[in-house]
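Notes follow the structure.
Quick caveat: nothing in here was measured; it's all calculated off a predicted structure. Values below: every heavy atom of this structure, side chains too, minus hydrogens, waters and symmetry copies. Note that ligands are numbered from 1 as they come in the structure, with each ligand's atoms numbered from 1 the same way.
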Amino acid sequence: MCAAVYVLSTVTGYVLTSALLLKCPNLLHRKRRGTFLCRHISHRGGAGENLENTMAAFKHAVDVGTDMLELDCHLTKDEQVVVSHDANLRRATGINAFISDMAYNELPPYLCKLDVTFQKECYCAGGDDKRIPLLQDVFDAFPNTPINIDIKTNNDTLIKKVSALVTKYDRENLTVWGNARNQVAKKCYKENPRIPLLFSLPRVLQLVGLFYTGLLPFVPLKEQFLEIPMPSILTKLKDPNGLTRSQRVLIWLTDTRLRSNTLRLSRICFQVYIWVLNDEEDFQRAFDLGATGVMTDFPTRLRDFMDKNGISKPE
Ligand SMILES: *[C@@H]1O[C@H](CO)[C@@H](O)[C@H](O)[C@H]1NC(C)=O
Ligand SMILES: *[C@@H]1O[C@H](CO)[C@@H](O)[C@H](O)[C@H]1NC(C)=O
């Protein structure tokens, strides 16, 4: 009897404390230092309006007032950090070669038209800019724009070089980096813990576990940015069978109204971005679900939607 009362009061105390801390996470978690807020994020610089990951795409996105550029990095044979989504150049340039096997000045130009991964049967025709840029070119051109960097390969030199560039350009407070693989994310954090970090997929699953057990407020987390896919993009993807189990769990996480509570609470602790959304219905749904930001291939479309609905720039 006595033991039961003890257990019950302990459990009740735990549940109440946990609920309180979820509502007021700043009681335990230190307020995040220097975190920038972004609502409008351009995926690969806006792959639906310009050739993905080109300077022309980034410039256009910044011109329409994007809050953040999302891009991907690889390392060339001569150890230059370049902005490209794929490791192999076949899809984007027609040449079957790996970036890691070529020097920067040997890289071929992009094709005139590229497919848009998150928009079925859409091809984006580019203008004159078909060059694969250096990460440094992007930092030079947009010194004040936050950038979301996906470290595409598990290569220590790549991680070191990106960190060195971020530090050199004084962008530690304007950068978030990471990768879906936890191995890569862990290396990023170890290399430079001052650069804000994205949750890797395994860490998102841990986060969900912590949330549903009420442990979330008690566990310090090194990540500040949560990026999750919207379930509706499943139907728009070309190959939904290609999803991993973790991706399926992520999709489940955002699947019903019920989950919106998770999102609302999570965004107290983190910035929550939903990707990659390309039409008004999905933009609306994401902001309704409590996303702090939306990642799109069509920066102009998202800008128009936000203007029309009075969704302002942060701060
Ligand atoms: C980043 O922001 C924090 C807090 O706002 C500040 O103390 C720090 O000096 C900034 N770092 C850089 C490199 O600007
Ligand atoms: C990292 O990339 C460079 C340049 O492509 C390459 O020479 C090196 O072997 C890679 N390191 C690993 C561990 O893969």
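- The distance between the ring centers of Y169 and F142 does not fall below 6.0 angstrom.
- Minimum heavy-atom separation, N53 to S84: ND2-C, 3.8 Å.
- One side chain, E172 or T167, offers a donor N or O that lies under 3.5 Å from an acceptor on the other.
- Aromatic ring centres of F225 and Y273: separated by under 6.0 Å.
- Using a 4.0 Å heavy-atom criterion, the residues that approach ligand 2 are L75, T76, S100, N155.
- For the salt bridge (Lys or Arg N to Asp or Glu O under 4.0 Å) test, no residue two or more places apart in sequence or in another chain qualifies with D101.
- In this pair, F305 and F287 present their aromatic rings parallel. The plane angle is below 30°, not in the 30 to 60° band.
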